[in-house]
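Here's the structure, in structure tokens; my notes come after.
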Amino acid sequence: MRVLVVGGGGREHALCWKLRQSPRLGALYCAPGNAGIAGVAECVPVAADDLAKLLRFAKEQAIDLTVVGPELPLTMGLVDRFAAAGLRAFGPTAAAARLEGSKAFAKELLRHAHVPTAFFGVFADPDDATRYVNEVGAPVVVKADGLAGGKGVFICRTVAEADEAIDELMRRRLFGDAGSRVVVEEFLEGDEVSFMALSDGTTVVPLAPSQDHKRVLDGDQGANTGGMGAYSPTPIVTPALESEIMQQVIEPIVQALAKQGTPYTGVLYAGLMVHDGRPKVLEFNVRFGDPEAEVLLSRLRSDLLDLLARTCEGRLAGETLEWDPRAAVCIVLAAEGYPGAVERGRPIDGLERLAGWANGTVFHAGTRIDDGRLVTDGGRVLGVTALGDTIDAAVTEAYAAVDQIRWPGMHFRRDIGHRALAAERKDGQHGGA
Ligand code: AMP
Ligand code: GLY
């Protein structure tokens, strides 16, 4: 098969790396890709949201399957446009991608399908939103309805902070039209879990559960980011909780979308808050998480190309996935300033020392070649991903690899996996696995 991957981050590097292992793979292209992806796929200089150029490329190159990494081309209707041209693409249609593109749509669907989530209100008028905040009190969470690059969520400790968030989003339009409506919702406490499943429109197959670290600093402090690290599996998601998530969250949502005439095809990502063993939905994403994809695809033993093709063809019934029993941990190495503005073009040293690394892979998230040198080219730069018999072993292996790499201003969290490690060590003391 001739395959095109759309995107150019760590997730897309992991997708290309894993697709490359499939015996069914013919040619592999990635648009736009990055310096790491260039090692496993042919990079094409087309932006991930340039639907017209992507379509032209796919037609010219007789691409059999296009795999879409990021959310923006999905919410813009890439899959619909490819389908209209008789081309197959992995991911939801624009109508189903509203699950991520509109938080108001997602919350209303959650309510309609009786899926547990924080209680909420949706507002198009800032005065109504403020009145609601005064009624429910703090802490409270204010979210822009539309896509805001992961920055449209405000956790407000006081009513005044919530008023300020409403003002910024709705009156000052910090994120443009994304703030024409807001969701105001209950603040939830607990452990955050990333739960993904493949859906072919009717059949759903769970992927291994994982956890992400959203805050930029150790101890879950500082600004929210796209993710500073991830690990899988997680002790929080027991087999019983996994069935509960499938039955109470994933299946009802997929059924509700099918019933509405907008079936969901692709990977559905539920961001969950688990409290006292019960899951509540924080948000949906309509794509693989990043850096969750790096750890999941490192552990996946099944043929990814086969799985993605079956998903598109509505042939997931009876499918079960095979996983490496080892744990995987990904440490994100970020550029100075991330998650704010960053300077690009800093030379990266030390990767050559990891060339024959047996127990892991360095996925590139934001790199390019400049004058023959590997340099930084984004906020998240590398995702150092290791396997180990335990989370503890994987963490040790990953940080030993991180120690080999440096560039001016590089920063990363030193406590990735801390919650799982605490659980693992407690288990160890009780004589568990
Ligand atoms: P979202 O983009 O909706 O996932 O929000 C970004 C982050 O904000 C989540 O990953 C959570 O850490 C946090 N968050 C979102 N909604 C809530 C909530 N209702 N209660 C507590 N934390 C939340
Ligand atoms: N790591 C969270 C996300 O991909 O949105």
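One-based numbering, in listed order, for ligands and for the atoms of each. The shown structure was predicted, so the numbers you read here are calculated from the model rather than taken from an experiment.
- Counting non-hydrogen atoms of neighbouring residues, nucleotides and ligands closer than 6.0 angstrom, the CZ atom of R173 exceeds 12 such neighbours.
- Between Y269 and F288, the gap from one ring centroid to the other reaches at least 6.0 Å.
- A donor-acceptor pair is defined here as one N or O able to donate and one able to accept, closer than 3.5 Å; no such pair exists between the side chain of T225 and the backbone of P339.
- Salt-bridge check for D415 with R215: failed, with every basic side-chain N at 4.0 Å or more from each acidic carboxylate O.
- Between the choices K151, E192, E185, the shortest heavy-atom distance to atom 10 (O) of ligand 1 belongs to E192.
- Classification of E185 and K103 as a salt-bridged pair fails, no side-chain N sitting under 4.0 Å from a carboxylate O.
- For the residue pair T117 and K107, a side-chain donor N or O sits within less than 3.5 Å of a side-chain acceptor on the partner.
- Of the protein's non-hydrogen atoms, the one nearest atom 17 (C) of ligand 1 is L282 CD2, 3.4 Å.
- For the residue pair S210 / E292, no side-chain donor-acceptor distance below 3.5 Å is found, with atom types taken as modelled.
- Taking only nitrogen or oxygen atoms, main chain and side chain alike, I155 does not reach within less than 3.5 Å of ligand 1.
- In terms of protein heavy-atom proximity, atom 16 (N) of ligand 1 is nearest to K143 NZ, 3.0 Å.
- Within the structure, ligand 1 has K103 among the residues with a heavy atom less than 4.0 angstrom away.
- Considering only non-hydrogen atoms, atom 4 (O) of ligand 2 lies nearest to D290 out of D212, D290, N285.
- With respect to the salt-bridge test (charged N to carboxylate O, under 4.0 angstrom), the residues R346 and D377 do not qualify.
- Within the listing of ligand 2, atoms 4 (O) sit less than 4.0 angstrom from a heavy atom of G289.
- Of the protein's non-hydrogen atoms, E283 OE1, 3.3 Å is the one closest to atom 2 (O) of ligand 1.
- Taking the six-membered ring where tryptophan is involved, the planes of H13 and H364 are perpendicular, since the angle between them exceeds 60° and thus also 30°.
- Checked by atom type and distance alone, the side chain of D145 never pairs as donor or acceptor with a backbone atom of G179 at under 3.5 Å.
- For L188, heavy-atom contacts with ligand 1 shorter than 4.0 Å involve the backbone as well as the side chain.
- Contacts with ligand 1 closer than 4.0 Å are made by backbone heavy atoms (N, CA, C, O) of E186 only, the side chain lying farther away.
- The distance criterion of under 3.5 Å between nitrogen or oxygen atoms is not met by K214 with respect to ligand 2.
- Among protein heavy atoms, atom 7 (C) of ligand 1 sits closest to N224 ND2, 3.9 Å.
- Those atoms of ligand 2 that come under 4.0 Å of a heavy atom in Y269, given as number and element, are 2 (C).
- When the heavy-atom distances from atom 8 (O) of ligand 1 to V153, D220, T117 are ranked, the shortest goes to V153.
- Counting only N and O atoms by type, the side chains of E42 and Y29 include no donor and acceptor under 3.5 Å apart.
- Looking at ligand 2, you won't find any N or O of F288 less than 3.5 Å from one of its N or O atoms.
- Contact atoms of ligand 1 toward F187: 20 (N), 21 (C) (distance under 4.0 Å to a heavy atom of the residue).
- Counting protein heavy atoms only, atom 3 (C) of ligand 2 is closest to R287 NH1, 3.6 Å.
- Using a non-hydrogen distance threshold of 4.0 Å, G227 does not register as a contact of ligand 2.
- We find that E164 and R172 are joined by a salt bridge, their nearest charged nitrogen and carboxylate oxygen being less than 4.0 Å apart.
- The closest approach between a heavy atom of R11 and any atom of ligand 2 is not below 4.0 Å.
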